[in-house]
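First comes the structure, then the notes that go with it.
In what follows, every chain begins at residue 1, and chains take the letters A, B, ... in the order their sequences are listed.
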Amino acid sequence: MQFYVTTPIFYVNGSPHIGHAYTAIAADVIARFHRLDGRDVHFLSGTDEHGQKVEKAARDVGLEPQAFTDRVSAEFRTMLARLEVSNDDFIRTTEPRHKQGATALWTQLAANGDIYLGHYEGWYAVRDEDFYAEADLTTHPDGTRTAPTGAPVEWVREPNYLFRLSAFQDRLLAHYETCPDFVGPAGKRNEMISFIRGGLHDLSVSRSSFRWGIPVPGDSDHVMYVWLDALANYVTALGYPDRTGPLWRFWPADLHLVGKDIQRFHAVYWPAFLMAAGLPVPRRIFAHGWWTIEGAKMSKSVGNVVDPLALVDTYGLDPVRYFLLREVPFGGDGDFSARALVGRMNVDLANDLGNLAQRSLSLIAKNLSGLLPEPGPPSEEDRALLGMAAALPARLREHVGRQALGDALEETWRVIRAANAYIDHQAPWALRRTDPARMAAVLRVLADTIRVVATVLQPFMPGSMARMLDQLGVPEGERDLSALDRPLAAATALPPPQGVFPRWVEEAA
RNA sequence: GGCGGCGUAGCUCAGCGGUAGAGCAGGGGAAUCAUAAUCCCUUGGUCGGGUGUUCAAGUCACCCCGCCGCUACCA
């Protein structure tokens, strides 16, 4: 069964920051989890490279737009690689395949009568690539006006192609009604519904004031409005308009993961475009929140933008991946602080999980010559712990299915804490003298429990969990969820245990 | 202005009609296999304020206060 998940395509007017990393890592965890669960996954990321802002940004640094976007797009690909994001494809909106697909989409909408020539005028902010109502503007003493975002605006009147968005109001509402899970989290869904109920105006989908975009078919004075261009990536990457290609089976997408700032484009405009084109709409659009940095809003002018690669260099990739998904319920806003990250690293990763594996494995190494013991006759406590572990894959499937990634981790840590309680109560180090057979049985229960935990955590921390599974002697091909039904072979020789998550100790000042 | 959300232990939050919960932080104890990690016990809240419904209200209704989101806009 197939599963198609996307990140937004990243806008190339600036370098990647922690917010981009967050979306990408979350999508990666979801993609990896579904692969682990045996599904046929397609995971798409990419860059959004057209528009006036990019044109300007390129000019500012003395580059042609294409050369400029080549450079910034590469930065994003580097980021994904360094974060071990497992996207299957990376689409750039400047690629021929995308331009052809987007052009075909336009042609289809126009042929259906959903695009018409009109004109648009209003206060336009180049920086935001958006129009604003007079009342939203702030007028300054010198007579200039700025948008609520702070961007300067200018009065623009230009002939424009418009998309007949107003005609889709009822169909959109009906869709929201029929598919309660279309938008998440639930609060965002309500916002979208009330926005649609408030009345939809036809949407300007072309610009003639700049050139850096995909030409409108049949009218090269215009380029496509950046959102029609950008949103199309989700289908052009699957080969649209060719619906017989090998990738088309992935449409409709199962999940578009987006930041809350671009929710509306995905939850209103995009489905309307698709309905107009006669294509099925995505199954779910989920908006995650934003990060503040040490309590402050992240901004270039404040200079507190966090570079994800610098973080990874300092703390290591998996602690960063873990922290971002564990610290805050997915969908809400969160605060990033070095202190909180170190707390998670030391308490959750080093103390709870890392030390559990280390103490269990070194008991096997020292007392059983490093050979994985046979399962013994299970006691009531054995059954309780193994039962918790066995239930984990199904629980995580449920959480990940709702994008509740923090809950998935919390659920897993319940088992880890139970395993730490178990090892203390069983005290295998004492059984070594009094009842070696029972000691072996206890260590086997621990090995099996850690195996489940490490298996289900692979999507979150692929590198660390691979090492943990190596130490448990789990063969490479036996690491997906279905493999958990097959017991590990007894007497497997385990490599000498090595700490997977070192404690972070602050350097003395 | 309209719609919606939130306000529960020092911190982050769960609970959404039936004797106040988790994690972290704090205190005490146990253990010593382990990355001085772990385990057990424990301090701590008049559940923003008020009124009402109910045998019973963080839990429902209404009002107020304070935050936040979406959205609209006036002489």
Side-chain angles (χ1 to χ4, degrees), chain A residues 132-137 148 183 185-201 259-265 267-268 287-290 292 295 297 316 319 323 326-337 339-368 381 385 399 404 406-407 409-434 436 439-440 442-443 446-447 450 464 467-468 471 496-505:
Chain A
Y132 289 93
E134 177 90 44
D136 288 335
L137 302 177
V183 168
K188 297 291 169 194
R189 172 175 185 269
N190 294 334
E191 289 179 6
M192 292 302 107
I193 291 174
S194 70
F195 175 74
I196 298 167
R197 283 218 179 100
L200 297 177
H201 303 292
K260 64 182 184 178
D261 51 326
I262 53 173
Q263 164 106 359
R264 194 169 85 199
F265 300 101
V268 180
H288 66 249
W290 284 347
T292 51
K297 196 173 166 185
F323 173 81
R326 175 66 182 84
E327 183 66 6
V328 62
F330 197 55
D333 291 341
D335 182 58
F336 175 85
S337 71
R339 193 190 137 117
L341 170 55
V342 167
R344 291 291 178 192
M345 269 181 91
N346 286 346
V347 176
D348 295 0
L349 296 180
N351 297 356
D352 287 349
L353 175 55
N355 186 52
L356 171 68
Q358 183 69 12
R359 65 202 300 215
S360 304
L361 289 166
S362 51
L363 285 165
I364 293 176
K366 287 181 187 169
N367 302 314
L368 296 169
E381 284 186 278
L385 182 60
H399 289 131
D407 288 355
L409 289 170
E410 175 59 34
E411 189 87 39
T412 307
W413 253 258
R414 274 211 220 18
V415 176
I416 293 168
R417 286 187 210 106
N420 270 318
Y422 171 88
I423 192 173
D424 265 43
H425 292 149
Q426 300 300 316
W429 48 89
L431 291 169
R432 181 184 49 184
R433 300 234 167 99
T434 58
M439 175 197 71
V442 165
L443 294 178
L446 286 162
I450 296 166
S464 309
R467 266 175 284 142
M468 196 169 279
Q471 297 190 29
Q498 285 185 325
V500 172
F501 297 112
R503 268 184 81 75
W504 177 269
V505 182

Within the 4.5 Å heavy-atom criterion, are [X] and [Y] side-chain neighbours or not?
X      : Y      : result
A:N367 : A:W429 : no
A:Q498 : A:L361 : no
A:Q426 : A:L446 : no

Send over the distance from [X] [atom1] to [N] [atom2], rounded to a whole Å.
X      : N     : atom1 : atom2 : answer
A:I193 : B:G5  : CD1   : P     : 13 Å
A:N190 : B:C3  : CG    : P     : 14 Å
A:K188 : B:U71 : NZ    : C1'   : 12 Å
A:D333 : B:C70 : CG    : C1'   : 14 Å

Measuring to OP1 and OP2 of [N], would you say a side-chain N or O of [X] lies under 4.0 angstrom away?
X      : N     : answer
A:R503 : B:A37 : yes
A:K366 : B:A34 : yes
A:R264 : B:U71 : yes

For A:F336, all residues meeting ring pair (Phe, Tyr, Trp, His ring centres under 6.0 Å), sequence neighbours excluded: A:F323

Side-chain donor or acceptor of A:N351 under 3.5 Å from a matching atom on the base of B:A37? no

According to the Watson-Crick and G-U wobble definitions, with both distances under 3.5 Å, which nucleotide is paired to B:A34? none

May I ask which nucleotide in the shown strands pairs with B:C3, Watson-Crick or G-U wobble, both distances under 3.5 Å? B:G69

Need one value for [X]: base, sugar-phosphate or nothing, where a base atom within 4.0 Å counts as base even if backbone is also close, heavy atoms only.
X      : result
A:A421 : sugar-phosphate
A:G187 : nothing
A:V500 : base
A:D335 : nothing

Distances for protein N/O vs nucleotides 58-60 of chain B N/O pairs under 3.5 angstrom?
none

Quantified in whole Å, what is the [atom1] atom distance between nucleotide [N] and nucleotide [M]?
N     : M     : atom1 : value
B:A30 : B:G44 : C1'   : 23 Å
B:G48 : B:U12 : P     : 15 Å
B:C39 : B:G49 : C1'   : 43 Å
B:C47 : B:C40 : C1'   : 28 Å
B:G18 : B:A56 : P     : 15 Å
B:G45 : B:C11 : C1'   : 14 Å
B:C13 : B:G5  : C1'   : 16 Å
B:G58 : B:U8  : P     : 15 Å

Any donor-acceptor pair under 3.5 Å from A:N420 side chain to A:D352 backbone: yes

Say whether, by atom type as modelled, one donor and one acceptor occur between the side chain of A:N346 and the main chain of A:W504 under 3.5 angstrom. yes

NZ/NE/NH1/NH2 to OD/OE distance under 4.0 Å, A:R359 and A:D424: yes

Based on the glycosidic angle (syn within 90° of 0, else anti), state the conformation of B:G48. anti

